[in-house]
Chemist: 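Let me begin by handing over the structure; questions about it come next.
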Amino acid sequence: MKEQESIPVTKGQRSAKFVKTGIQIGGNYIKHYSKKLFNPSLSRDELNEDNATDIYKSLSELKGSALKIAQMLSMDKNILPKSYVDKFTQSQYNAPPLSGPLIVRTFSKNFGKTPDQIYDKFNIHSSNAASIGQVHQAELDGKTLAIKIQYPGVGDSISSDLKLVKPFAFRLLGMSEKDLNIYIKEVEERLLEETDYELEVRRSIEFSEACKHLSNVVFPKYYPALSGKRIITMDWIEGLHLKEFLKTNPSQELRNKIGQALWDFYNFQQHELRAVHADPHPGNFMITSDEKLGVIDFGCIKEMPDDFYYPFFSLISTDVIKDKAKTIAAFRKLDMIHKEDTESQIEFYYKAYREMIELFARPYTSKTFDFSKPEFFEQLYAYAEKVATMPEFKQARGVKHFIYVNRTNFGLYTILQELKSIVNTDTFQPHLK
């Protein structure tokens, strides 16, 4: 893949890139409607493909929060047309990398030394490039290391980037401004944490230590002395990403083993640590040659406060959902039903959210769950499509914690679906008052 020689850093440069992309999209619409004059039955497939290509090209050159949102949207397969999902999925594994000279400058700025002065060997060409940074392989004292390097200007441009992304999000998601602002504020808080590499190293050490007893899950060792605000040094974990792993045609037994490791990793954190690795896209995991799940990124962590954890997990793991009064009380605590709602609105949201919770909680309500069966996911996507067109769901509902907790659990479900795993889902249970 061609390396990127420069990256727009200033607000003006990044804004100009968005404006240029907006003009390209406007041109795509003009082209589409000109063709539609002569062919009224023309679908939007070509328009979606052209727009997805132009938007992804722009975001991949900007890097940072703009590309991160594309990555997040690529996981929400029921939100966007397929062309966007296909294009944005590239950001999970292989965005265009930055060139060698830019990487050397980043090291010089952060350490006052070039990579060759720090490591015995350093591969100037990246092995993987994503939204916030890219990874290079290095060697030191006989150890193979992974060096994660943050793109220049990423941390400083988050707030302004998100403001520039809003018009695209309005068009793509159809959210109300209030909904979108709640979403963007929570995303901004997590992204600011994600660009703090010193925080990531501390969390990575804490979480890998807390989770080290889990079966078939492995973590790299982190080196704080060789890390800093924009650079992380850790052990290199040799393995295959999910897509590569699935191409090897693994046995059902191995699919189940990796799926179980993933399920235990997430549910141990949710219920024992009350904070969870909230970036479950496949690029953050490796399957090693000795059949273990390697977790290689702890940049995004979502903590779950009591006032969210207790009502949420009481709904999906106890008999509360069978009691209408208790269910409505939990919905009120989670801001899914509002104080000013009328009786008819309360009844409407009670029925709608109960249907959603019962569907979402299905893996939690049995001892084992087969994620290979398409019916569960077909029902999930059908429900999401149904509520997306309902005016009652255009207003903001639900506390902000849903954004990343839902993203985490649906991301987990999606990976288990791709693995076609059958897992024991009763290994770590909620702790409820």
Side-chain angles (χ1 to χ4, degrees), residues 3-4 6-11 13-14 61-69 71 91 95-119 122-124 126-138 140 143 145-162 186-209 219-237 275 277-279 283-284 295-303:
E3 292 181 336
Q4 195 171 323
S6 65
I7 183 170
V9 173
T10 69
K11 186 176 178 181
Q13 290 171 333
R14 297 176 78 81
E61 290 172 5
L62 286 166
K63 312 291 188 193
S65 50
L67 186 57
K68 188 72 181 181
I69 287 176
Q71 182 191 89
S91 65
L98 294 188
S99 66
L102 276 175
I103 295 304
V104 172
R105 283 206 295 274
T106 299
F107 267 90
S108 298
K109 187 176 179 181
N110 282 270
F111 287 132
K113 296 178 180 179
T114 65
D116 289 338
Q117 292 172 315
I118 299 171
Y119 309 101
F122 182 85
N123 188 343
I124 200 68
S126 77
S127 58
N128 182 271
S131 52
I132 302 294
Q134 62 189 49
V135 176
H136 292 249
Q137 192 177 75
L140 182 63
K143 282 189 174 182
L145 303 172
I147 318 301
K148 187 160 82 166
I149 303 161
Q150 190 174 128
Y151 300 128
V154 163
D156 300 326
S157 63
I158 289 171
S159 297
S160 55
D161 273 4
L162 291 176
E186 176 74 353
V187 169
E188 182 178 353
E189 289 175 8
R190 299 285 77 74
L191 285 174
L192 285 169
E193 291 181 354
E194 208 165 339
T195 55
D196 183 346
Y197 276 7
E198 290 173 324
L199 174 64
E200 180 174 343
V201 169
R202 290 197 301 273
R203 280 178 162 174
S204 300
I205 293 169
E206 288 169 6
F207 273 74
S208 53
E209 181 66 23
F219 309 94
K221 180 180 177 182
Y222 291 82
Y223 300 90
L226 295 172
S227 304
K229 288 184 180 297
R230 300 289 179 262
I231 295 167
I232 295 176
T233 298
M234 67 186 94
D235 284 341
W236 181 275
I237 288 188
H277 177 292
D279 197 7
N284 284 339
V295 184
I296 57 176
D297 190 304
F298 278 98
C300 185
I301 299 294
K302 175 61 185 172
E303 295 179 357

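Since the model is a prediction, treat every value here as computed from it, not as a measurement.
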Chemist: Hey, are the side chains of Pro224 and Ile205 touching, using non-hydrogen atoms and a 4.5 Å cut-off?
Modeler: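 Yes; the side chains approach each other to less than 4.5 Å.
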
Chemist: Between atom CG of Asn284 and atom SG of Cys300, what is the distance when rounded to the nearest 0.5 Å?
Modeler: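 It is 9.5 Å, given to the nearest 0.5 Å.
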
Chemist: Would you give the length of the straight line joining atom CZ of Arg202 to atom OH of Tyr222, rounded to the nearest 0.5 angstrom?
Modeler: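 One finds 14.0 Å between CZ of Arg202 and OH of Tyr222.
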
Chemist: If the test is side-chain contact (heavy atoms from CB on, under 4.5 Å), which one of Asp297, Ile296, Val201 qualifies with Lys148?
Modeler: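 Only one of Asp297, Ile296, Val201 forms a side-chain contact (heavy atoms from CB on, under 4.5 Å) with Lys148, namely Asp297.
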
Chemist: Are Ile103 and Gln134 side-chain neighbours, meaning at least one heavy-atom pair lies under 4.5 Å?
Modeler: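 Heavy-atom side-chain distance check passes, below 4.5 Å.
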
Chemist: Ignoring hydrogens and angles, write down the donor-acceptor pairs under 3.5 Å from the side chains of residues 107-114, residues two or more places apart or on other chains.
Modeler:
from   : atom 1 : to     : atom 2 : distance (Å)
Ser108 : OG     : Val104 : O      : 3.1
Asn110 : ND2    : Thr106 : O      : 2.8
Thr114 : OG1    : Gln117 : OE1    : 3.4

Chemist: Could you measure the distance from the CG atom of Leu145 to the NZ atom of Lys221? Nearest 0.5 Å is fine.
Modeler: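 Here the interatomic distance stands at 10.5 Å.
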
Chemist: Is there a side-chain contact between Gln150 and Ile232 in this structure, where contact means two heavy atoms from C-beta onward sitting under 4.5 Å apart?
Modeler: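 Sidechains of Ile232 and Gln150: no contact.
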
Chemist: Using the test side-chain hydrogen bond (donor to acceptor under 3.5 Å, both in side chains), find all partners of Glu193 that sit at least two apart in sequence or belong to another chain.
Modeler: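 Scan of Glu193 (side-chain hydrogen bond (donor to acceptor under 3.5 Å, both in side chains), adjacent residues dropped) gives Arg190, Arg203.
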
Chemist: Is Asp196 salt-bridged to Lys229, going by a charged N under 4.0 Å from an acidic O?
Modeler: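 Salt bridge absent between Asp196 and Lys229.
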
Chemist: Taking the six-membered ring for Trp, are His136 and Phe122 closer than 6.0 Å centroid to centroid?
Modeler: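 Aromatic pair counts; centres sit under 6.0 Å.
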
Chemist: If I compare all heavy atoms of Asp235 with all of Pro220, which pair ends up nearest, and what's the gap?
Modeler: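 Minimum heavy-atom separation between Asp235 and Pro220: O-CB, 3.4 Å.
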
Chemist: Please round to the nearest 0.5 Å and tell me the distance separating atom CD of Glu194 and atom CD of Glu189.
Modeler: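 So the gap between those two atoms works out to 13.5 Å.
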
Chemist: Rounded to the nearest 0.5 Å, what separation is found between the CD1 atom of Ile147 and the CG atom of Leu226?
Modeler: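 Output value for this atom pair is 7.5 Å.
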
Chemist: What closest approach, in Å, do Tyr223 and Lys143 show between heavy atoms, and which atom pair accounts for it?
Modeler: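 It is OH-NZ, 3.0 Å.
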
Chemist: A side-chain contact here means heavy atoms from C-beta on lying under 4.5 Å apart; do Asp279 and Phe298 qualify?
Modeler: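 No - every pair of side-chain heavy atoms lies 4.5 Å or more apart.
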
Chemist: Could you give the distance from CG (Leu102) to OH (Tyr151), rounded to the nearest 0.5 Å?
Modeler: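 So the CG of Leu102 and the OH of Tyr151 are separated by 11.0 Å.
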
Chemist: So Phe207 and Phe219, do their side chains get closer than 4.5 Å, heavy atoms only?
Modeler: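 No, every pair of side-chain atoms sits at 4.5 Å or beyond.
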
Chemist: Residues two or more places apart in sequence or in another chain: which of them pass side-chain hydrogen bond (donor to acceptor under 3.5 Å, both in side chains) with Glu303?
Modeler: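 Expected list: none.
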
Chemist: Below 4.5 Å, heavy atoms only, C-beta onward: do Trp236 and Ser127 meet side chain to side chain?
Modeler: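 With C-beta onward as the side chain, the pair touches.
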
